[in-house]
**Student:** 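One structure coming up, written as structure tokens, with questions to follow.
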Protein chains: 2
Amino acid sequence: MPRSTSSPSPKGSPVTLAMVARRAGVSPQTVSNAINSPDLLRPETLERVRRAIDEMGYRPSRAAQSLRTRSSKLIGYGIQPAPGGDTAPVMDRFLHALSQAADEAGYRMLLFACPPGGPSLEGYEELLGRHDVDGFVLSNTARQDPRQAWLAKRGVPFVGFGRMWSGRQIGDWVDVDGASGTDAAVEHLVALGHRRIAFLGWPRGSGVGDDRAEGWQRAMRRHGLPTRGRRAASAGDIEAARIAVKPLLDAGTTAVVAASDMLALGCYHALRERNAAPGRDVAVVGFDDSPTAGILSPSLTTVAQPLEAVGGECVRLLLARMANPAAPPERVLLEPSLVVRDSTPTPGSDAPAP
Amino acid sequence: MPRSTSSPSPKGSPVTLAMVARRAGVSPQTVSNAINSPDLLRPETLERVRRAIDEMGYRPSRAAQSLRTRSSKLIGYGIQPAPGGDTAPVMDRFLHALSQAADEAGYRMLLFACPPGGPSLEGYEELLGRHDVDGFVLSNTARQDPRQAWLAKRGVPFVGFGRMWSGRQIGDWVDVDGASGTDAAVEHLVALGHRRIAFLGWPRGSGVGDDRAEGWQRAMRRHGLPTRGRRAASAGDIEAARIAVKPLLDAGTTAVVAASDMLALGCYHALRERNAAPGRDVAVVGFDDSPTAGILSPSLTTVAQPLEAVGGECVRLLLARMANPAAPPERVLLEPSLVVRDSTPTPGSDAPAP
DNA sequence: GAGCTTGATTTGAGCGTTCCAAAGGCATTG
DNA sequence: CAATGCCTTTGGAACGCTCAAATCAAGCTC
């Protein structure tokens, strides 16, 4: 009696379709059908084949399937080194989400190393040439990113995490509505009684930064609050932020919405410098919910991106694109959520822990 | 005239070995040899074939290669969700290193999602059954981790990031010498004039934690410094650490070596609570160099793991194991490095920034 | 009962590569 | 000159699967 389900083939004893077929007393093709188009078989036959598959612990060989069907069921993702500082502090969460969504759809994520600098096309070309992947997920989409156009030109399915902020829109993407996030931050602050709410962002021209600024602006306007003189820009690092936020504090700002947690931390420093306490004296809201945000003191209220949902949507759009290459591009904008912590306390309550 | 190098085949026009062969006026097998065993060919022929390959932008199909050679050139890695808190704060750096090392060796990393709880074998079995991967890299190796034994039993090559702390040693692994890291931390503190140096770790029984404690202990002993009453244990979170470190501070400790950055942060809180300044009044050293360490104030001196090197070694060991499954197991212990920041200031110098 | 449709299964071929064995060329040798 | 060897190249088969088309058995219509 052949091996049973509980001890599947160890390496080196490949169970093939043909073996299963022989055991079930059918042709190989019928076994293939049992797996790929079960509704073609008579229920009775299907049952017999399924039992044989189970008993022998059969799994179709991906290599053979890929060769025949010209589809690898693999999704490529170029992983870039986090150059510290500002970029994507939580990429592993995103990757996990991606991987999970892909797995559930019968796909897998194939990683390849992207060089630190701008994204080069080399890795993509290599994977593509060897028919290694069926499509790509892009992230860290930069302003003059050549990848979208390049991939679109050769008809390769792809989805970007992040909009294209300049030039013509190409392909599908999933992104998080930054404006909505800062808008919600302002709403939260207004509800707490704040009226002089400033925005600390990056220099104009960065798509992401302008987006986040816009949410602050529109919410302020909606409440009839002035925005003039309440906006500053700085580089992404803490030190620059500390300096940039000073004029805002001088102008009597009671709350700051920052375009990133890093910038928010710059506010913390600037406040301490003038013997003011973040949270108690001036409320601060960050953006990204980086791991650091929760462990600062006071812990930082911040806008969290729904990375799990983003990963899921990326895979969904990518599969849709593969299924129908000619479909009109689909774009998904997801809502971030405000994580309220101690840096935006309710006025009545006590000051945050020492 | 066929297409030139500069415009490689767009999707759907696969250049095959046979096409190249025809163009070079040789048999397909010769082209295969030109790629896999160039020394078999007459230099003249080799040159001709190479030119044809270049001109046509040929790339061997991975699927066909895998089918024939039974080797996918893929390395599996089960990515787990970071459950926040304590674990692996910088997994993306490790993944990038892994990916890069694999790429350079002609391999690629294949991701699959591990369920949050304990590592299950399901994903591994699936990948293996379909001959999808040639081997695995394991991380987050837990105490009662069944994966090593399971993989070893069926002769699947694997490398663990992390030693096995209990039971029989199985297979190859790469790890970071935690004891050496805390030892170096003590050396550093002693050089700064500290003598009452405490250790804040996790409850005994965690392999990693005991290792780190041991380095502190041996360095203390080497310098003839007492360790009794200078050691405390707490859970991994900040709050627990804050409480656990109190007795140490009460005992007049001037420096604390913590088993993680998170624990070190707990020290920060405990110190502030008693109106003492981390760095100025009591030196603190963390472990892991998490992104947070550099942006705390004062910035945290911490022990950094050489993740890039770990990734490289993992791939190296794995390839060696594949090349020679019967070789004796290889274990690599890498040295961490101390990153000195403001939480361990030189006595003469000014206190850290406000 | 001949002709047609429907449903279930099989046959034959081929995806692109590498393995194996064998063939061809050319020089060296008895 | 035929036999031997080496070096280079080739032909055929196979890896495990799925596509397209062919086959076969029934059921139905007129």
Side-chain angles (χ1 to χ4, degrees), chain A residues 9 11-50 52-53 56-74 106 127-134, chain B residues 9 11-50 52-53 56-74 106 128-132 134:
Chain A
S9 60
K11 180 139 187 173
S13 82
V15 182
T16 73
L17 203 87
M19 296 179 185
V20 177
R22 217 167 312 140
R23 178 169 231 266
V26 295
S27 78
Q29 179 61 41
T30 299
V31 180
S32 173
N33 286 338
I35 296 171
N36 301 309
S37 328
D39 48 323
L40 283 182
L41 302 205
R42 212 174 37 199
E44 175 186 307
T45 318
L46 180 57
E47 180 49 32
R48 195 152 35 100
V49 174
R50 284 220 166 116
I53 289 178
M56 308 182 77
Y58 167 72
R59 310 218 185 233
S61 143
R62 253 290 136 72
Q65 288 181 314
S66 298
L67 180 57
R68 186 69 249 225
T69 64
R70 307 176 150 285
S71 151
S72 64
K73 298 277 186 183
L74 254 34
L127 249 53
L128 218 51
R130 317 199 68 179
H131 302 110
D132 266 357
V133 299
D134 294 343
Chain B
S9 61
K11 181 135 186 176
S13 82
V15 182
T16 74
L17 203 81
M19 294 179 186
V20 177
R22 216 168 311 140
R23 177 170 232 265
V26 294
S27 79
Q29 181 59 44
T30 300
V31 179
S32 174
N33 287 336
I35 295 171
N36 300 311
S37 329
D39 48 323
L40 283 183
L41 300 205
R42 212 174 36 199
E44 177 184 307
T45 318
L46 180 58
E47 179 51 31
R48 197 152 35 100
V49 174
R50 285 220 166 117
I53 289 178
M56 307 182 76
Y58 167 71
R59 311 214 187 235
S61 144
R62 253 291 140 68
Q65 288 182 315
S66 298
L67 179 57
R68 190 65 251 232
T69 64
R70 304 171 155 286
S71 151
S72 63
K73 298 277 186 182
L74 253 35
L128 217 50
R130 318 199 68 177
H131 303 110
D132 266 359
D134 295 342

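Remember, it's a predicted structure, so these values are computed and weren't measured experimentally. A, B, ... follow the sequence lines: proteins, then strands. Residue 1 opens every chain.
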**Student:** Does A/T30 make a side-chain N or O approach to OP1 or OP2 of C/dT9 shorter than 4.0 Å?
**Tutor:** no

**Student:** Looking at B/S27, I'd like to know whether one of its side-chain N or O atoms comes within less than 4.0 Å of OP1 or OP2 on D/dT9.
**Tutor:** no

**Student:** So do the side chains of B/P38 and B/R50 get within less than 4.5 Å of each other, counting heavy atoms only?
**Tutor:** yes

**Student:** To the nearest 0.5 Å, tell me how far B/I35 CD1 sits from B/L41 CG.
**Tutor:**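 Interatomic distance, B/I35 CD1 to B/L41 CG, rounded to 0.5 Å: 10.5 Å.
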
**Student:** To the nearest 0.5 Å, how far apart are CG in B/D132 and OG in A/S72?
**Tutor:** 10.0 Å

**Student:** To the nearest Å, how far apart are B/N33 CG and D/dG11 P?
**Tutor:** 13 Å

**Student:** B/L67 CG to C/dG14 C1': how many Å, rounded?
**Tutor:**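 Taking CG of B/L67 and C1' of C/dG14, I get 12 Å after rounding.
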
**Student:** How long is the gap from OG1 on A/T16 to CE on A/M19, to the nearest 0.5 Å?
**Tutor:**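 Reported value, rounded in 0.5 Å steps: 4.5 Å.
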
**Student:** Atom CD1 in B/I53, atom CG in B/L17: separation rounded to 0.5 Å?
**Tutor:**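 Between B/I53 CD1 and B/L17 CG, I get 8.0 Å after rounding to 0.5 Å.
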
**Student:** Atom CZ of B/R68 and atom OG of B/S61: how far apart are they, to the nearest 0.5 Å?
**Tutor:** 14.0 Å

**Student:** In whole Å, I'd like the distance from the CD1 atom of B/I35 to the P atom of C/dC19.
**Tutor:** 12 Å

**Student:** What's the verdict on side-chain hydrogen bond (donor to acceptor under 3.5 Å, both in side chains) for A/D134 and A/S71, showing C-alpha distance, side-chain angles and the deciding distance?
**Tutor:** CA-CA 6 Å; A/D134 294 343; A/S71 151; 3.0 Å; yes

**Student:** CZ of A/R62 versus P of C/dT17: gap in Å, rounded?
**Tutor:**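 Rounding to the nearest Å, CZ of A/R62 and P of C/dT17 are 20 Å apart.
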
**Student:** Would you check if the side chain of B/R59 reaches a backbone N or O of A/R130 as a donor-acceptor pair within less than 3.5 Å?
**Tutor:**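 Checked: no pair found.
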
**Student:** Are A/K73 and A/Q65 side-chain neighbours, meaning at least one heavy-atom pair lies under 4.5 Å?
**Tutor:** no

**Student:** Write down the distance between CZ (A/R59) and P (D/dC17), rounded to a whole number of angstrom.
**Tutor:**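 So the two atoms are 13 Å apart, to the nearest Å.
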
**Student:** Hey, does the side-chain of A/Q29 have a donor or acceptor N/O within less than 3.5 Å of a partner on the base of D/dC17?
**Tutor:** no

**Student:** According to a strict under-4.0 Å criterion, is B/T69 in side-chain N/O contact with OP1 or OP2 of C/dT18?
**Tutor:**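 No.
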
**Student:** B/P28 near the nucleic acid: base, sugar-phosphate alone, or nothing, with a heavy-atom cut-off under 4.0 Å?
**Tutor:**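 No contact at all - B/P28 keeps every heavy atom at 4.0 Å or more from the nucleic acid.
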
**Student:** Under a 4.0 Å heavy-atom cut-off, which of residues 36-50 of chain B touch DNA chain D?
**Tutor:** B/L40, B/L41, B/R42, B/T45

**Student:** Measure from CG on B/L17 to P on D/dT10 and round the result to the nearest Å.
**Tutor:** 12 Å

**Student:** Just the rounded figure in Å: distance from P of D/dG16 to CZ of A/R70.
**Tutor:**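 Computing the A/R70:CZ to D/dG16:P distance gives 20 Å.
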
**Student:** If we fit an axis to the first five pairs and another to the last five of the helix from C/dG1-D/dC30 to C/dG30-D/dC1, what angle do they make, to the nearest 10°?
**Tutor:** 70°

**Student:** Side chain of A/R68, base of D/dT18: donor and acceptor closer than 3.5 Å?
**Tutor:** yes

**Student:** Is the phosphate of C/dG16 approached by B/Q65 (side-chain N or O, under 4.0 Å from OP1 or OP2)?
**Tutor:**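 False: B/Q65 side-chain N/O out of range (4.0 Å or more) of C/dG16 OP1/OP2.
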
